[in-house]
Amino acid sequence: MPDAPDRPDPASVRCPTCGAVQPWSDSCRRCRSDLRLLGAFASAYDRLRRDCLRSLRLGDARAALESARSCAALCPSAESHRMLAAASLLLGDPATAFDLARRSLAREA
């Protein structure tokens, strides 16, 4: 799976059909393509991201890891790999955390 450059933008969307950038809506303002599935993807990622961060704050490493894995499956971005690294560190697996953090930094470079 190719690396995603960044997480979904919560404020705007780029139409995959014509490339128009616009605020989130069910259809593209320019070509009228259906954007509902893309919106569902972005909402799911955002919900899982918030769940992961909340679990990390609470010290619930297993829940954080589960949410981070789901985020990485939806969007294998540097951000999702940083969340995986933090959850791995919280679980007591510094080798995996270091490897994930190193890969996250390489993706951002």
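Quick caveat, the model's predicted, so the values are computed rather than measured. Atoms considered below: every heavy atom in the structure, side chains included; atoms not considered: hydrogens, waters and symmetry mates.
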Roughly how far, to the nearest 0.5 Å, is [atom2] of [Y] from [atom1] of [X]?
X	Y	atom1	atom2	result
Arg49	Ser70	CZ	OG	15.0 Å
Asp99	Leu84	CG	CG	11.0 Å
Arg32	Cys15	CZ	SG	11.0 Å

Shortest non-hydrogen separation from [X] to [Y] and the atoms involved:
X	Y	value
Ala20	Arg29	CB-NH2, 3.9 Å
Ser67	Asp51	OG-CB, 3.6 Å
Leu35	Ser25	CB-O, 3.6 Å
Asp26	Asp34	O-OD1, 3.3 Å
Leu53	Met83	CD2-SD, 4.3 Å
Ala97	Ala85	CB-O, 3.3 Å

More than 12 heavy atoms of other residues, nucleotides or ligands under 6.0 Å from CZ of Arg30: yes or no?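 Result for CZ/Arg30: enclosed.
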If you count heavy atoms of other groups shown closer than 6.0 angstrom to CG of Leu58, is the number above 12?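 Count over threshold, so yes.
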Donor-acceptor pair, distance only, cut-off 3.5 Å: does the side chain of [X] make one with the backbone of [Y]?
X	Y	answer
Arg82	Leu105	no
Ser33	Cys28	no
Ser80	Ser77	yes

Any side-chain donor near an acceptor of the partner, Ser88 and Thr96, under 3.5 Å: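 The criterion, which ignores hydrogens and geometry beyond distance, is not satisfied for Thr96 and Ser88.
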Tell me whether Leu56 shares a hydrophobic cluster with Leu48, the cluster being built from Ile, Leu, Val, Met, Phe, Trp, Tyr side chains joined at under 4.5 Å. yes
Connected via hydrophobic side-chain network under 4.5 Å: Leu65 and Leu74: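 Different hydrophobic clusters.
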With heavy-atom distances below 4.5 Å as the criterion, would you say the side chains of Phe41 and Leu38 are in contact? yes
